[in-house]
Amino acid sequence: MARRRFLIAYDISDPRRLRRVIKIMEAYGERLQYSVFLCDLSGRELVDWQQEIQEVIRPDQDSVVRIDLGPLGASAPITVVGTPRTLPSSGTVII
Amino acid sequence: MSVDGPNLIPARMLNEYVYCPRLFYLEWVDARWADNDDTAEGSYRHRTVDKQESAVPAPEDVELMSRRTSVRLTSERLGVVAVVDWVESDGGGVVPVDLKKGSPPADGVWPADRIQSLTQAALLIESGHQVDSAVVYYAATHQRRTIAVTQDAVAEVEAVVASARSAASEARPPLPLVDSPKCPRCSLVGLCLPDETNALLNRTQATPRRIVPRDPDSRPLYVTEQGAYVGVRSGRVTVTKGKDKIAECRAIDVSQLAVFGRVQVSTQALADLWSRGVPVLWFSYGGWLNGWAQGEMSRYVELRRRQVITHSQGGFDIARAIVEGKIRNSRTLLRRNRRSDVTSAVESLGRLATQARSARSSADLLGLEGAAARIYFEHFPAMLGPARYALANDFQVDGRQRRPATDPVNALLSFTYGLLTKDLVATCIGVGLDPYLGVYHRPRYGRPALALDLIEEFRPLVADSVVIGLLNNGEVSETDFVRRGSAVWLTAEGRRNVIRAYERRLETTVRHPLFGYQASYRRVLDIQARLMAAVMVGELDTYTPMVTR
């Protein structure tokens, strides 16, 4: 599956689990707000992300919500009001 | 019967054998593996089942047996091993339940799934259990399908095992399925190249479908900023200079890391990238490929073995094909981009290409290639617009100069050829080829000879074309170059401009003349390397270079 953009929001009740979830989220996407990330993921990457998250969270105490914003290039338009946010980008990087 | 290799074939390998004998061979014998969305999801759905393997209880403990997850069964006599997802009890007997990610056919179960379940049943029977039926659970539609297990079940399994072992003992993998609907979803389609192989072997009249897998989502990361430090933290690659972070990206976005000059890469970054199969390549400040490093070597040992043989026995036919391809592509580029008359050059190149095809020795071939290169570079300026003549002036006079480049055009050519070499080195690593063991270039002075062989046909199409574009579109100017003594170098910004244009070229799609489908140049490099590998292992007779019209 070609990469799609996902909005992922989480609510983790335990600080230790929260730290681990944040580490996972940073590997997969860009932070938008305090507990909200934007992630561009392919089918395989989505499954990997899911596996990593499932290992950490406790389903009876934590919550992770994922919203599919559509395929890359044709995903839901995003408007930022206030301080700027880094949106996910891919492609060759030349420093 | 001598059994070469592990004694026990896993039941899921028998499933693959029935599904596609070639897939079975590639995975079981050659230990080649590729993940796609389907296989990743398959492992995910199996996660609760695979938690812990448990031992098989005795037949008397049938009640204990039921609802046991992930039971591992072996039989030396049958020569198979199976991990049964789930076992249920049924009267005095047991029923193995196999969990499948997909959907069932209209009736019953898929033939491949049938064999896997029968194998599980046969193993349970052999450990003394009573088995009258087996179940396959198809997760996509939440449906259970039952298979009757009769007296013939064990014989059926034995026949398939014998057939699979016989295929495994062959020196070469079975040929691909022809025009099969199974190919597009197969995780090994990029390694197997079914339609391409069938087309080249004339097994089918149909045009190859474009089932080369989707281009990977990751892309190269180039770090040219002197004094930069590449590290990794929380799955993100960070590039810092002093205290400032100058760039950052997800580690999953990086397909290769290329650093130029005084750039440091942390050990953690190396470890992280290597664990993902991402190679790291080091260039000098001027753009000479110094060296590279990868994680583990490819497990496709048979290819390396055959490559050594091809390399030491000459591989002369391949060399001829490569040189002919290069000369033809040079000719095409000259013909297409000329701004003045080059008729005689084009004719000469055509003749030299044909002669290369039937060259009698390496010395002959080198001579022909040299002659073609002289003619080609002599007329190179004919492809440049008049405005660029200022930059190309010295090139007109002196021709191709290396180490060092003595004018801007040579600087551009050398740098771009270096980038192309890097990409074929990375491709060799990805395919499982050794970049050093070539068939045309002889290994000298630590040159990656096979990578140099593979870039030959692409020098005109990718590198020269990029250089011509940069000059004619005004993307480079005097300010992108700096002179030191007699040598000309690209400036930092100049290098970045070239890399940008080069990467754009790699993203451009082109119609592959052999197969008729569109693919990016980046993908074409990969396809050609895989065709080279196929020739080395004996699957294809001849190497056909990528030649455009």
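Residue numbering restarts at 1 for every chain, and letters A, B, ... go by the order of the sequence lines.
- No other option in Val223(B), Val263(B), Val237(B), Ile252(B) has as many heavy-atom pairs under 4.5 Å with chain A as Ile252(B).
- Interface remark: of the candidates Ile24(A), Asp40(A), Thr86(A), Leu46(A), Asp40(A) forms the most heavy-atom pairs closer than 4.5 Å to chain B.
- Taking CZ of Arg20(A) as the start and OG of Ser234(B) as the end, the distance is 13.0 Å to the nearest 0.5 Å.
- Between Thr92(A) and Tyr222(B), some side-chain heavy-atom pair lies under the 4.5 Å cut-off.
- A search for ring-ring contact (aromatic ring centres under 6.0 Å, His included) contacts involving Phe283(B) returns Phe260(B), not counting sequence neighbours.
- Proximity to chain A involves both the backbone and the side chain of Glu225(B), based on heavy atoms less than 4.5 angstrom apart.
- Looking at heavy atoms from C-beta onward, Arg236(B) lies out of side-chain contact with Lys23(A) at the 4.5 angstrom threshold.
- Screening residues 71-95 of chain A for salt bridge (Lys or Arg N to Asp or Glu O under 4.0 Å), with sequence neighbours left out, gives no hits.
- In this structure Trp292(B) satisfies the ring-ring contact (aromatic ring centres under 6.0 Å, His included) test together with Tyr436(B), sequence neighbours excluded.
- Heavy atoms of Arg500(B) lying under 4.5 Å from chain A belong to its backbone as well as its side chain.
- Contacts from residues 265-276 of chain B to chain A, taken as heavy-atom pairs separated by less than 4.5 Å, involve no residues at all.
- Taking every heavy atom of both residues into account, Ile95(A) and Ala247(B) meet most closely at CD1-CB, 3.3 Å.
- Contact of Arg522(B) with chain A is made through the side chain alone, with heavy-atom distances under 4.5 Å.
- In summary, Arg3(A) and Asp253(B) engage in a salt bridge, as defined by a charged side-chain N under 4.0 Å from a carboxylate O.
- At distances below 3.5 Å, not a single donor-acceptor pair connects side-chain atoms of Arg250(B) with backbone N or O atoms of Ala27(A).
- Heavy atoms from other residues, nucleotides or ligands lying under 6.0 Å from CZ of Arg496(B) number more than 12.
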